[in-house]
Amino acid sequence: MSRRPYNRPMSKTTWYMRNSRYKVYVMRELTSFLVAFYSFLTIAALAALASDSAETWNGFLASQQSTGMVVFHALALLYFLFYQTFPWFKLAPKAMVVRLGEKRLPDLFIIIGHYVAWLVASAVIFWLAGVI
Amino acid sequence: MIGIRQIELEIMRYDPEKDEEPHFQTYSVPCREDWAILDAINYVKDELDTTLAYRWSCHMMVCGSCGMMVNGEPSLTCKTFVRDLPDKVRIEPLENFPIERDLVVVLDDVMQKLHQVKPYIIRKDPPPKDKEFTQSRVDLSKFKQLTMCINCMCCYAACPQYGLDKNFIGPAALSLAHRYNLDSRDQGKSERLNILADHDGVWECSFVGACSEVCPKHVDPAAALQQMKIDGAIEWWKQKLGMTGEKS
């Protein structure tokens, strides 16, 4: 009798199609492309601001207000909310352990805390931007 | 009166002496509604095909031997009930492990990994003389959940990181290391850090979270690993700053 174990290597290119859990994970990780895009957009905005030319800055603002870009930003926001914000806030209690003696602070408190912090941070940014 | 339901059990078979690759064999099993899927597999072995190879022992979620893929989900077959499954059930050996024969997988790699993380109490100071270690209930509550692991390896079968890179130490072994790091009697955290924070340690985990979802004992390895990342980063800074303060 001889041993001849059979290996089933995972496909490096299609592994995430195996189940819905992996698909959701990959959708979450794909938000990194949007993060990269918005990082470049911020740099472009700073460059336009640093150019010291009102025309360049206004040009940048106008480019972001075209119908196409407004739709893009709206879709990006939805994508972020569903595949970045909501899942990460839901997972936050796993990494954050707040002990109260033998018990742990219930997950819901930590999740709500994240949403409150998010709303406060958003309000501060809107206030700085003069929106509110 | 408990009803009988006929289910089709598609079982993956592999005979290393005859088969080039695994194939499926279907058995029709008259199942009682209160059966676990392990009972159905036992029925196949006892009544239909004695050549079927698989592992099981306790039938009560303690031994961790009967982990298999049930309709694609890593599961303890003694905890997965026929009443919750459709009429056709596919049973495969745990994913991400080589198949020894039929539903039996080779676990050598994980056994070595469990050993690698030093899963025992390490003391730098001598243990207390003429008395036991004292440990409060609060101290115990910090790691008790992690002691529930029964090494069924469902978490490894669920983890795509381990599937793609077998060097990754993986969920159960890392959670076990965390269990000792959190133990008030242990002083080996900095000793384990080199293993846990290495390339194949916690940072290889990208928080898919599948390990925790399939864990039949609710150990929550994904949480343990994220906490270890934070602990590891703090410990690394402490070592850099020469503050290797261990518990006493």
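Every chain is numbered from 1 and lettered A, B, ... according to where its sequence line falls, protein lines coming before strand lines. Scope of the values below: all heavy atoms of this structure, side chains included, with no hydrogens, waters or symmetry mates.
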Problem set entry | Options Glu102(A), Met10(A), Lys103(A), ranked by heavy-atom pairs under 4.5 Å with chain B, top entry | Glu102(A)

Problem set entry | Parallel, tilted or perpendicular, as decided by the 30° and 60° cut-offs, for the rings of Phe97(B) and Tyr156(B) | tilted

Problem set entry | Structural part of Asp165(B) lying under 4.5 Å from a heavy atom of chain A | neither

Exercise. Which bit of Tyr25(A) comes within less than 4.5 Å of chain B, counting heavy atoms only: side chain, backbone, both or neither?
Worked result: side chain

Exercise. Does any heavy atom of chain A fall under 4.5 Å from the side chain of Ser136(B), the backbone, both, or neither of them?
Worked result: neither

Seminar exercise, completed: Given Ser206(B), Gly163(B), Ser212(B), Ala210(B), the one with more heavy-atom pairs under 4.5 angstrom with chain A than any other is Ser206(B)

For this session: Flag the one option from Glu20(B), Glu21(B), Lys142(B) with the top tally of heavy-atom pairs under 4.5 Å to chain A.
Result: Lys142(B)

Exercise. Any idea which heavy atoms bring Arg8(A) and Pro93(B) closest together, and the distance?
Worked result: NH1-O, 3.3 Å

Exercise. Relative to chain A, which of Gln226(B), Lys166(B), Arg137(B) shows the most heavy atom pairs under 4.5 Å?
Worked result: Arg137(B)

Exercise. Among Val138(B), Ile230(B), Leu164(B), Val106(B), who wins on heavy-atom pairs under 4.5 Å with chain A?
Worked result: Leu164(B)

For this session: Find the one option among Ala158(B), Pro16(B), Gly209(B) whose heavy-atom pairs under 4.5 Å with chain A are most numerous.
Result: Pro16(B)

Exercise. Is there a side chain to side chain donor-acceptor pair (under 3.5 Å) between Thr26(B) and Glu8(B) once you walk through the steps?
Worked result: CA-CA 6 Å; Thr26(B) 306; Glu8(B) 298 272 298; 5.2 Å; no

Problem set entry | Salt bridge present between Glu73(B) and Arg21(A) (N-O < 4.0 angstrom) | yes

For this session: Among Ala222(B), Ser141(B), Gly72(B), single out the residue with the greatest number of heavy-atom pairs under 4.5 Å to chain A.
Result: Ser141(B)

For this session: Please assess Asp19(B) against Arg13(B) for the test salt bridge (Lys or Arg N to Asp or Glu O under 4.0 Å), listing each intermediate value before the final yes or no.
Result: CA-CA 9 Å; Asp19(B) 300 332; Arg13(B) 304 296 309 267; over 6 Å; no

Problem set entry | salt_bridge(Asp102(B), Lys45(B)) N-O dist < 4.0 Å | no

Exercise. With under 30° as parallel and over 60° as perpendicular, where do the rings of Phe72(A) and Phe37(A) fit, or are they tilted in between?
Worked result: perpendicular

